[in-house]
Every structure is written in C-alpha cells, then in structure tokens.
Colleague: 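One structure coming up, written as structure tokens, with questions to follow.
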Amino acid sequence: MRFLRISKLNFTMHHLSEQEIIRRDNLTKLKDAGVEAYPSESFDVNAFCKDVKDQFKDGDTTFQSVSMAGRLMSRRIMGKASFAELQDSSGRIQIYISRDDICPEDDKTLYNDVFKKWLDLGDFIGIKGFAFYTQMGECTIHVTELKVLSKSLRPLPVVKVDDTGKVHDAFTDPEMRYRQRYVDLIVNPEVRETFKQRTAMYTSMRNYLNERGYLEVETPILQPLYGGAAARPFTTHHNTLDMKLYLRIANELYLKRLIVGGFDGVYEFSKDFRNEGMSRFHNPEFTQIELYVAYKDYQWMMNLVEEMVEKVAIDLHGTSKVKVGENIIDFKRPWKRYTMYEAIEHFTGVDISQMNEDQLRDTARKMHVHVDNTMGKGKLIDEIFGEKCEDQLIQPTFITDYPVEMSPLAKRHPSKPGLVERFEAICNKKEIANAFSELNDPIDQRKRFEEQLDLGKRGDSEAMVLDEDFLRALEYGMPPTAGLGIGMDRLAMIMTNQNSIQEVLFFPQMKAEKE
RNA sequence: GAUCUGGUAGCUCAGCUGGUAGAGCAAUACACUUUUAAUGUAUGGGCCCUGGGUUCGAAUCCCAGCCAGAUCACCA
C-alpha cells in the first residue's frame, strides 16, 4: 500500500518551459552517449576556489594538481577553447578548457558535445588541472580532465558582475528568494555569508558559556501548559495520550526546574513558537537563548551580557564596532545604564518616580502617548518608555528596575517598592536581552500567578497560566538565581546588518504557494 | 487586522491617455585556442497572478480575490 503515500506533487508535473525541455533533452543525449549524468562514486576534492585564488602566486609549484568540484556558473566559448566559472562552497574561480587538452585522442565528443552542448549553467562538474594566470591576469584553472557530476534541470537566474563591481540582473524578488532559498544561496554569495555569521554567533556564545561551566540542555517543546512569557500559543494534540499540548512560548519554567534540581548554570538555544502577527521583526517560530545561573543576581547578569555580546561582535567582525544601517554600534564595555525612571527623565525631562496612577496618566497624555483608563501604573510607565525612550536608544544600553505588574516571574526590588530586579538591553531601538533576578519565593510566585489568572479572566489572551508543578518545584527551594533571555534572530539581524528577520532565517514562514 | 506599492519570457525590467506583446541577460544554431557583463550573425520562447465587469477591442480602465513587500497596531 506504500504507493498511496506518495504525495500528489510527484504526479503533477508543472508545464515545462522551453529551457527546461532543452535541459531534459540534454540529459537524454548524455545518457545516449554513455555519459552518466548522476554518477554515484565519490569525486575527491583537494582544493577550493577561494584557497586557490587567495594563495596561488604565478610561478608557484602549488595547486599544480588540483581536483575541484562545483557548479558551472558561466561559459565563454571561443571555438576550440573556452573559459567558464566553477562555483563551490567557498566561491568561484575561472577555469580554462581547451579541446585538445581534455580530448587528446581523435574523439572530441567530451569537448564538442558534452561540454559545449549538453552541459548547462548550474550543472555540477568535477575537474582536474593546474592553476595559472591568464594574460589578463586572472587566476584560472587549466582543465585537463572533466567529469559530469550532476545535471540541473531548471535554469538558474544569471547574475553578472561587471568590471566596476556593478551587479546586473540581481536575483532580488523577496518572495522567490525566501520560497526558494536554495536558489538564493546559489546565486547570492552574501546570503551564504549572513547565515555563516549567524552560526558563528551561536558558536561564539556557546563557547563563552561552556568555558564558564554552564550546561547546555534540552527541554520540552511540546508542553501540557505553556509559560514563561506573555504570548498566545500554538496548540496541538497527541493522539495516543489523547491530550492537548502547546508548543512552547518560552522554556523559562523548565530551566528553573533544573536549577531546583541542582545544576548551577543551564542554558538552551530554544526554538519558541508564538501564535501572533508577523512582521519584519516577528516570525511565528523564533529562537531565544535562555540562561539561568544559581547564586547570582541581575546586576551580575548585566556584566555577563556585556562581556558575551562584546565577544560575539569581536568574533564576527574583529572589532566591537558593527555597522547597522546608518549607524555604527559599538558593543565595547561598559554599556550605558539607566533605571527606567532615569531613562524617562533623561529623554523627556519629567521625573515620574513619585507619581501615582492618575498623575502618570495625565503626564502620558501631555506627552501625546496613547493611553486608556484600563492601564495600571506599570503599563503606563511601560507605554511612556516605549513611546519616548526606546526609539532613541541606538547604542547598547541597559534599562533596569521595571514595574512589578509587567514581570510576574521576577524578584521584587528590596528597596524600590513596585519595582522588580529586572533589566533589558536595548540596541538599535529594539530589545535584545531581557533578564531578572528570578523570583524564588513560592508564596509570592503563587500570588503573581493568581494575578495573571485574573487578567486572563478579564480577557487578556496573553496572560500567564498557573503552573502547579512549577510552584511545587519552587516549594522544594530554588537558590537565588539570575535568568536571561536573548532573542537570537534579533541579535543576528544586528550582527549581520539585516533589516528583516527573514534575512536571518533560512526558511521564513510564508503562506502556501498556489498550485 | 488597516493603509500603500507591486505581480508581464528562465532572471531583471519597459510597455503612455485602451488598438498585432518588447529589451538586456539566459536559451537555440553557426563562427572563433587566453576570454571575462567575451564578441559577431541568425532564431525560438508569453494562461501579461486569478475571476468577473466596461468596451467593437483590455497587459493597460473598474470591481472582487490570491501572493508578496513596506508602513502602522500587538509582540521577541
């Protein structure tokens, strides 16, 4: 019955374009001539385009017996000799093919037919040969052997760069680039670089945290209760257990359970899911790193964030200064620090620290901040900050001491009533990190959850739900703990100078393509 | 979810106030043994996003829809 599982896609052939028909035709001709278009045996590579171009000097004895593989990306045929470009994972190099070098015998099929007629741009080939410089001074591989490694049946966009460096016919349509990222990666080398930098960012952070002895862990994505953030979840269903499950919106409550269990420091790069709107800053699935360290507080965590993010910038760029849009952002320590009240006073000139709810609402209205009567004190402060301060914070800056109403999992500030020990790091007008001294008083935590339940009953779809097992864990006792979350996609956008989250996700979420 | 902009050849794009669908690259054929956005000559290639409407006639004007991008609102 297995054939029934084959998807419909295998049977519905799209209408073939002229160029696709020609490529299928060429495939048939290769096979008829006894050339295997999809050979199975290994083709051993001993050099990459970039290395040859960077290291080969004219007259050197190096790279005189190279074996290379990649896609054929351009072709300039001049009768019995041709220039072409080979692209591998490292970049491109020009290759030179002369008929009598690759066909020393009488049979010239390999050059006249296979290379000139039956190969197409995008096909994978393997070559053997030696490096030299042409009369025009370009580093080139003189090909002595040519092998077909894999035939390409669809035409690629042909992007050309002229001698002034100007790019012609760039493949730029965002819809096609995101839906067919493989094509984007083939023809746009800078896209490949962005994703390599994203991985370098993960490596940098992982190394930093591992060196300090923190344990990288994995916690459930499918959760019976969602928690750790204010957001609407995706829901799903487990058939055998016949139970409703949620895709996690955060992993905070699970990592804290591990601190209760006795680990001193745990972290996880966590793919989280939020069933909310999409924008150039929001994808339904995104990645956060969360870190929890026992016996530490938020002040200590601020120092860690500065040190780690500065290191990331240096590991990626060799300097703490990173170009982001029109700005140069310098991650060098120490970063500016403001309490939320100080920040508001600094950017608006108004000291709100002693104001009650009504005074705050009046002040907000005078500043033309949109507020309504359902907003409590914490929400009002948050609105004023968001409207008047956040947009002015380009350089990395810590904002500390948030209203307790916005932070149900954070510890109360010992000397500032109504506030919690929390900070956010803001950079390029956006939050890049959020951290607090974790609330470890189980009685207070239960009370805060109950306040969230009330919000939920009043219609707040993002209010947290009460997690009885998490409270049970806290009742066994959790050491004082500092916790941190960093939005990896947002940080990647800054570190790679991209202004859309889709540029740092290989496969951003898209609506289904029409047939 | 709201507003604006866009969807034409494999790719990048023209196509005016309605009148036989265009260019460059790519492709096909021929020539050319150090070119480089190779060149020269010739040729083929289109569900103009979809569905309605107006009109003698629609890629073009109108309406509805689909997809994308930008901005805004919620959010990381």
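Proteins come first, then strands; the chains are lettered A, B, ... in the order of their sequence lines, and each starts at number 1. Fair warning: this is a prediction, and the values are worked out from it, not measured in the lab.
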Colleague: Please work out if A/Q502 contacts a base, only the sugar-phosphate, or nothing of the nucleic acid, heavy-atom cut-off 4.0 Å.
Modeller: sugar-phosphate
Colleague: Does B/A37 have OP1 or OP2 under 4.0 Å away from a side-chain N or O of A/R76?
Modeller: no
Colleague: Regarding A/E138, tell me which of base, sugar-phosphate or nothing describes its non-hydrogen contacts under 4.0 Å with the strands shown.
Modeller: base
Colleague: Need to verify one output field. Residue with the more 5' nearest nucleotide on RNA chain B, A/T134 or A/T172?
Modeller: A/T172
Colleague: Strictly under 6.0 Å, is that where the ring centroids of A/Y246 and A/F273 end up?
Modeller: no
Colleague: Does a distance-only test, which skips hydrogens and angles, find a donor-acceptor pair under 3.5 Å between the side chain of A/Y96 and the base of B/U35?
Modeller: no
Colleague: Does A/I432 reach a base, just sugar-phosphate, or nothing at all? Heavy atoms under 4.0 Å.
Modeller: nothing
Colleague: Take atom CE of A/M176 and atom P of B/A9, then tell me their distance rounded to the nearest Å.
Modeller: 9 Å
Colleague: Should the heavy atoms of other residues, nucleotides or ligands under 6.0 Å from CZ of A/F48 be counted, would the total exceed 12?
Modeller: no
Colleague: Under 4.0 angstrom, heavy atoms only, what part of the nucleic acid is A/A170 near: base, sugar-phosphate, or nothing?
Modeller: sugar-phosphate
Colleague: State whether the distance check finds a donor on one side and an acceptor on the other, under 3.5 Å, for side chain A/Q19 versus base B/A26.
Modeller: yes
Colleague: Any chance the side chains of A/N26 and A/D120 put a donor and an acceptor closer than 3.5 Å?
Modeller: yes
Colleague: Distance only, no hydrogens: is a donor on one side chain within 3.5 Å (strictly under) of an acceptor on the other, for A/Y178 and A/E503?
Modeller: yes
Colleague: Would you state whether a donor and an acceptor, one from the side chain of A/D169 and one from the base of B/G24, lie under 3.5 Å apart?
Modeller: yes
Colleague: For a quick check of understanding: with a heavy-atom distance under 4.0 Å over all strands, which category does A/N283 fall into, base, sugar-phosphate or nothing?
Modeller: base
Colleague: Under 4.0 Å, heavy atoms only, any strand: does A/F286 hit a base, just the sugar-phosphate, or nothing?
Modeller: base
Colleague: Would you mind pulling out the nucleotide paired to B/C25, Watson-Crick or G-U wobble, both distances under 3.5 Å?
Modeller: B/G10
Colleague: First locate atom OG1 of A/T397, then atom CD of A/E390, and finally report the distance between them rounded to the nearest 0.5 Å.
Modeller: 11.0 Å
Colleague: Report which part of the nucleic acid A/Q94 touches: base, sugar-phosphate, or nothing (heavy-atom distance under 4.0 Å, all strands).
Modeller: base
Colleague: Would you indicate what A/D489 reaches in the nucleic acid, counting non-hydrogen atoms under 4.0 angstrom: base, sugar-phosphate, or nothing?
Modeller: nothing
Colleague: Would you indicate, yes or no, if B/G69 has its OP1 or OP2 atom less than 4.0 angstrom from a side-chain nitrogen or oxygen of A/R280?
Modeller: no
Colleague: Just checking A/V187: base, sugar-phosphate only, or nothing, at a heavy-atom cut-off of under 4.0 Å?
Modeller: nothing
Colleague: B/A38 phosphate, OP1 or OP2: any side-chain N/O from A/K160 under 4.0 angstrom?
Modeller: yes
Colleague: At 4.0 Å (heavy atoms only), tell me whether A/E18 reaches a base, stays on the sugar-phosphate, or touches nothing.
Modeller: base
